[in-house]
Structures are given as C-alpha cells and as structure tokens.
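Small disclaimer: the values here were computed from a predicted structure and weren't measured. Letters go in sequence order (proteins before strands), and every chain restarts at 1.
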Amino acid sequence: MNPGDFILEATDGAARAATLMTAHGAVQTPVFMPVGTVGSVKSVDPDDLDAAGAQIILGNTYHLYLRPGDDLVARRGGLHRFMAWDKPILTDSGGFQVFSLSALRKLTPEGVEFRSHLDGSPHFFSPDKVVSIQRNLGSDIMMVLDECPPYGADRDYAARSLELSAKWAAACRAAYPQGSGGQLMFGIVQGGFFEDLRAESAARTLEIPFEGYALGGLSVGESKPEMLAIMRRTAPLLPRDKPRYLMGVGTPLDILDGIEAGIDMFDCVLPTRNARNGTLFTSRGRVNIKRAEYREDDGPLDPDCSCLACRRFSRAYLRHLYVARELLAYRLNTIHNLHYFLALARGARRAVLEGRFAAYKAGVEAAYGGPQA
RNA sequence: GGAGGGGUUCCCGAGUGGCCAAAGGGAACAGACUGUAAAUCUGUCGGCGUAAGCCUUCGGAGGUUCAAAUCCUCCCCCCUCCA
C-alpha cells in the first residue's frame with residue numbers, strides 16, 4: 001500500500017469503515033485525532049497517546065512556524081522526530097487561526113497578512129508558504145490554506161470567502177502536485193451556512209485532485225441543527241473513495257452524527273481542553289469532576305473505562321487533584337478523555353464492520369441525554 | 001507599667017458619618033468550553049421575597065446623630081516598641 005491509498009472496508013448506511021495509508025502507517029477509520037497544536041498534546045506524552053489508542057494526531061502550521069520555527073523543526077529531522085511521535089501527523093494550515101485570531105489579520109487574494117499573537121511581528125501566509133512550512137514539518141497530511149468565515153457571515157461574505165479558499169486550494173495543490181512526495185494533501189470545503197454555497201465550494205474543491213476532502217467552517221457558534229443540516233447535506237457531495245474529514249468537531253454525539261453522515265475523520269480540542277477544565281466524558285455521560293458530590297466518592301470515574309485514571313484512582317482523588325490544581329490532574333483527565341474519544345471512534349468502526357452502527361449510536365445517545373435536536 | 005497600632009461578611013483585606021449588605025483577592029458552589037493566544041472564562045456568594053422591599057451584620061455594651069463599620073465612653077482581645 002502507498003500513502004494516499006484508501007480502502008473502504010464496510011459501510012452501514014452512509015457510515016463507513018476504511019483504512020487510509022500514510023507515510024507513517026495506516027489509519028483505521030472512523031478515527032478521532034487528538035489535537036497537539038504546538039508539537040504536544042497538552043499534558044500527555046507519546047506513550048500516553050499510544051496507550052489511549054491514538055493513531056494520528058494534529059499539529060499546527062501557524063503555531064509551529066512562529067515557534068520554534070518550521071526550519072528549526074526540519075533541522076531536527078521533522079516534526080515526528082522532534083516530538084518523538086512516529087505515527088501519522090496531520091497539520092492544519094493556519095486557516096483556523098485566520099479565523100480565531102481575526103483581529104490580528106488581513107486577507108488578500110494572495111494570502112493572509114497577520115501579526116504574531118506572541119510578539120506582534122508581521123508575517124504573511126501565502127498558499128506556497130503554508131505548503132513549504134508543512135513540508136518542513138513533514139506531516140503525513142497537509143491541509144490547504146483556507147478561510148473559515150465567522151458564524152453570522154452573510155451570503156455575500158461566504159461567497160467571496162469560498163472563492164478565496166478555492167483559489168488558495170488550487171495554489172496549494174500546484175505547490176505540491178499529487179505524487180510529488182509521500183505527504184498527502186486535503187482540500188477544504190467552505191461556504192458558510194448556505195447549502196448552495198456549500199455545494200458550490202464542494203464542486204470547486206473536487207475539481208482539484210486531493211487525497212482527501214474536509215468539511216471546514218462548522219462548530220463556529222451555530223446551533224446544533226444548523227451544523228447537522230450543513231454536514232448532512234455536504235458530506236454526500238464528497239467523493240466516496242476518498243477520506244472525508246470534519247474539521248474541529250466535536251462532542252461525542254457530534255462525532256457519531258458525523259460518522260452516520262459518512263465522515264471518516266474528526267479532530268477536536270474538546271477532550272483535551274475540557275479535561276484541563278474539569279469536564280470528563282464517560283460511558284455514563286459528562287462528569288464535572290470538581291462537583292462537591294464527588295468529594296467522598298470512592299468509585300472509579302468510569303467503571304467501563306480501562307484508562308490509567310479509571311483503573312487506579314477514585315473520583316474523590318481525581319476531584320482532589322483537580323481542585324488542588326495538581327499537575328497530575330491535567331494528565332489523568334486528559335488521558336481519560338482521549339481514551340474515551342478514541343474508544344468511541346473505535347467502537348463506531350467495529351459497529352460499522354458488524355452492521356450495527358445505529359444501535360451503537362443509540363447507546364451513546366442514551367448516556368448523553370438522547371439524540372441531538 | 002508606659003507609648004503606639006489593630007479587631008470588618010468563611011479567610012485575607014479595603015472602607016473613617018449618608019451613594020454600604022460593605023471594594024478587591026481567595027475559598028466555596030454552579031456553569032461554559034467544538035481545525036487550542038484557554039491548566040481558561042462566566043455567574044452566585046448574610047437571611048426572607050418573583051419583585052419592590054424588609055430583616056440581621058463590621059470585637060462587646062452603652063451613647064451622640066434624621067442617619068454609625070465610620071464619632072464618643074467603658075470593657076474584652078491581639079500585635080509592635082520602650083521599661
């Protein structure tokens with residue numbers, strides 16, 4: 001198998017189970033990808049990630065370019081070697097930072113002019129630049145530069161933004177044509193919350209040959225029904241024989257809704273960030289570990305979980321660690337949440353392979369208070 | 001024994017006549033977090049009441065005043081320095 005090969009193993013409704021080949025090994029989908037923005041999944045190490053079952057993690061172009069610098073990483077032998085993670089890495093292009101750091105940037109047809117959030121220094125990201133950075137990082141999957149329009153953007157804005165993203169996507173591909181190396185490149189569909197613009201963006205993006213296609217610009221503040229509607233309408237427009245990636249999503253229920261719609265890959269900061277903020281995802285639903293009710297609770301966080309935190313420690317102890325701001329709290333909480341999200345995706349894969357995805361999804365929904373509106 | 005400083009709502013700590021149920025911080029309690037500028041942010045935090053409002057509270061007891069955490073008297077306790 002070669003990087004970019006995508007083998008569809010089973011379907012259950014629109015849900016799929018597949019294997020994507022990369023330069024650093026195979027990824028079995030559906031898959032959840034932990035976010036490791038600056039070359040580290042916050043508070044855990046590569047062994048923790050392995051133990052949690054992580055197959056592939058994210059890195060970020062914008063952040064690593066600013067610090068420590070992609071050239072420095074290249075001199076260290078690339079991001080995998082630098083961070084001692086030898087499994088696949090997907091790098092986001094900085095498109096999301098164009099959105100989340102919007103006060104510090106200016107868009108032009110040629111790219112994004114922005115100021116570093118670290119020191120205010122001016123920088124410019126063109127499609128070429130973003131590809132060159134991701135080549136230096138040596139990620140297995142590069143993302144094209146895109147603009148993620150803010151929620152509430154009007155039709156006009158979304159249409160112009162889509163145009164910009166399509167141009168940038170073509171330029172990114174041109175800077176790294178298919179087959180020019182072992183790195184894969186994914187295109188990104190935008191179009192805001194307008195179904196016809198989503199369709200147009202999909203068509204424009206599909207004109208360009210990518211190894212995978214992503215859905216961007218969701219979970220930016222819209223309601224659940226809005227997100228689901230766009231996702232359900234757009235996912236089927238993406239090629240069946242290529243991986244489909246829903247960027248930045250989501251909650252356990254969002255992920256299952258995505259899988260049901262035919263999405264293969266997900267990433268989200270939710271498990272890691274919420275872990276550091278005391279919200280844990282379990283087979284029985286959310287647990288806010290700082291709550292007083294766990295003060296003397298000797299039971300495991302999640303009796304159905306085999307992670308380090310659940311195996312060895314009580315809720316009372318985890319609460320104490322969190323309340324006392326002990327560093328161990330961040331690590332254990334993160335290990336647990338990643339364990340949960342990764343197991344969720346693995347379970348979904350197994351369910352698809354066995355043709356019982358609907359029942360699997362219903363089971364999780366029951367734990368999280370029923371299906372989403 | 002003498003001189004000075006101080007006791008404020010769970011804690012620390014502002015407040016020296018009305019705008020004070022009393023700044024700010026902490027703790028506590030609850031909530032948020034979706035391609036990570038996040039180990040972050042928000043709310044509540046004397047009692048009753050939906051509310052207007054009423055009641056209780058600034059070491060204790062009295063007093064002055066239309067009005068006192070703030071002024072006066074006495075008492076209790078703590079700290080610093082001198083003997």
Report summary line: As its Watson-Crick or G-U partner within any shown strand, both distances under 3.5 Å, B:rG49 has none
Report task. May I ask whether A:L101 and A:M143 are part of the same hydrophobic cluster, defined by side-chain heavy atoms of I, L, V, M, F, W, Y residues being less than 4.5 angstrom apart, directly or through others? Result -> yes
Report summary line: Comparing nearest nucleotides in RNA chain B, the 5'-proximal residue of the pair A:L327, A:E293 is A:E293
Query raised in the report: Hey, do the aromatic rings of A:H123 and A:Y65 have their centres closer than 6.0 Å?
Result: yes
Query raised in the report: Atom CG of A:D257 to atom P of B:rU34: distance rounded to whole Å?
Result: 18 Å
Query raised in the report: If the C1' atom of B:rC48 is compared with that of B:rC12, how far apart are they to the nearest Å?
Result: 29 Å
Requested in this report: Could you let me know what B:rG43 is paired to, Watson-Crick or G-U wobble, both distances under 3.5 Å, or none if it's on its own?
Outcome: B:rC29
Query raised in the report: Hey, does the side chain of A:Q97 come within less than 4.0 Å of B:rG35's phosphate (OP1/OP2), counting only N and O?
Result: no
Query raised in the report: Between B:rC29, B:rC33, B:rU40, which one does the side chain of A:T279 approach most closely?
Result: B:rC33
Query - Atom C1', compared across B:rC41 and B:rA51: separation rounded to whole Å - result: 31 Å
**Report entry** Pairwise 5' ranking along RNA chain B for A:R295 and A:L104, keeping only the more 5' one
**Finding:** A:R295
Query raised in the report: Which whole number of Å gives the distance between the C1' atom of B:rG24 and that of B:rC72?
Result: 31 Å
Query raised in the report: What's the NE2-C1' distance between A:H320 and B:rA27, to the nearest Å?
Result: 14 Å
Query raised in the report: Aromatic ring centroids of A:F114 and A:F125 under 6.0 Å?
Result: yes
Requested in this report: Give the rounded distance in Å between these two atoms: CG of A:L66 and P of B:rU36.
Outcome: 13 Å
Report summary line: Whole-Å distance, A:L328 CG to B:rA39 P, equals 17 Å
**Report entry** Nucleotide B:rU36, atom P - distance to CZ of A:F32 in whole Å
**Finding:** 11 Å
**Report entry** Carboxylate-amine/guanidinium proximity below 4.0 Å for A:R315 and A:D298
**Finding:** no
**Report entry** Presence of A:S219 side-chain N/O under 4.0 Å of B:rU34 phosphate oxygens OP1/OP2
**Finding:** no
Query - For the student: nearest non-hydrogen atoms of A:M83 and A:P46, plus distance - result: O-CG, 3.7 Å
Query raised in the report: Is the phosphate of B:rG31, meaning OP1 or OP2, less than 4.0 Å from a side-chain N or O of A:N288?
Result: yes
Query raised in the report: Got a sec? Which of residues 264-277 of chain A come in under 4.0 Å of RNA chain B, heavy atoms?
Result: A:D267, A:C268, A:V269, A:L270, A:T272, A:R273, A:N274, A:R276, A:N277
Query raised in the report: When the aromatic ring centroids of A:H117 and A:Y62 are compared, is their separation below 6.0 Å?
Result: yes
Query raised in the report: So what does A:R105 hit on the nucleic acid, given a heavy-atom distance under 4.0 Å: a base, only sugar-phosphate, or nothing?
Result: nothing
Query raised in the report: Between A:F266 and A:F341, is the gap from one ring center to the other below 6.0 Å?
Result: no
Requested in this report: Taking atom P in both B:rG53 and B:rC19, compute the distance separating them and give it to the nearest angstrom.
Outcome: 14 Å
Report task. Could you check whether A:G95 gets within reach of a base, just the sugar-phosphate, or nothing at all, counting any heavy atom under 4.0 Å? Result -> nothing
**Report entry** A:V189: which of A:I230, A:L237, A:L238 passes side chain to side chain contact (heavy atoms under 4.5 Å, CB included)
**Finding:** A:L238
Requested in this report: Show your reasoning for whether side chain to side chain contact (heavy atoms under 4.5 Å, CB included) applies to A:D140 and A:H80.
Outcome: CA-CA 10 Å; A:D140 296 277; A:H80 292 83; 2.7 Å; yes
Query raised in the report: Among residues 138-177 of chain A, which contact RNA chain B at a heavy-atom distance under 4.0 Å?
Result: A:D146, A:C148
Query raised in the report: If you look at every strand shown and take non-hydrogen atoms under 4.0 Å, does A:L118 touch a base, only sugar-phosphate, or nothing?
Result: nothing
Query raised in the report: For atom C1', what is the distance between B:rA68 and B:rC20, given to the nearest Å?
Result: 11 Å
Report task. Specify the separation, in whole Å, of atom CG of A:L344 and atom C1' of B:rU34. Result -> 14 Å
Query raised in the report: For B:rU70, which nucleotide in any strand shown is its Watson-Crick or wobble partner with both distances under 3.5 Å?
Result: none
Exercise answer: donor-acceptor pairs, residues 66-78 of chain A side-chain atoms, under 3.5 Å, sequence neighbours excluded:
{"from": "A:D70", "atom 1": "OD2", "to": "A:N136", "atom 2": "ND2", "distance (Å)": "2.7"}
{"from": "A:R76", "atom 1": "NH1", "to": "A:L72", "atom 2": "O", "distance (Å)": "3.2"}

Query raised in the report: B:rU40 C1' sits how many Å from A:Y330 OH, rounded?
Result: 10 Å
Requested in this report: Give one of base, sugar-phosphate or nothing for A:E326, where a contact means two heavy atoms less than 4.0 Å apart.
Outcome: nothing
Query - Aromatic centroids of A:F210 and A:F186 separated by under 6.0 Å - result: no
Requested in this report: Using a heavy-atom cut-off of under 4.0 Å over every strand shown, decide if A:V323 touches base, sugar-phosphate, or nothing.
Outcome: sugar-phosphate
**Report entry** Length of the line joining A:Y340:OH and B:rU34:P, which is rounded to integer Å
**Finding:** 19 Å
Query raised in the report: When you check the gap from the basic side-chain N to the acidic O, do A:D257 and A:K361 get nearer than 4.0 Å?
Result: yes
Requested in this report: For B:rA23, give its Watson-Crick or G-U wobble partner with both distances under 3.5 Å, or none.
Outcome: none
Query - Integer angstrom distance from the C1' of B:rC75 to that of B:rU44 - result: 40 Å
Query - Nearest-Å distance once atom P is located in both B:rG13 and B:rU8 - result: 8 Å
Query raised in the report: Between B:rU40, B:rU34, B:rG35, which nucleotide has the shortest distance from any of its atoms to the side chain of A:S93?
Result: B:rG35
Query raised in the report: Say you pick atom C1' in B:rA38 and the same atom in B:rU34; how far apart are they, in whole Å?
Result: 13 Å
**Report entry** Paired nucleotide for B:rG4 [Watson-Crick or G-U wobble; both distances under 3.5 Å]
**Finding:** B:rC79
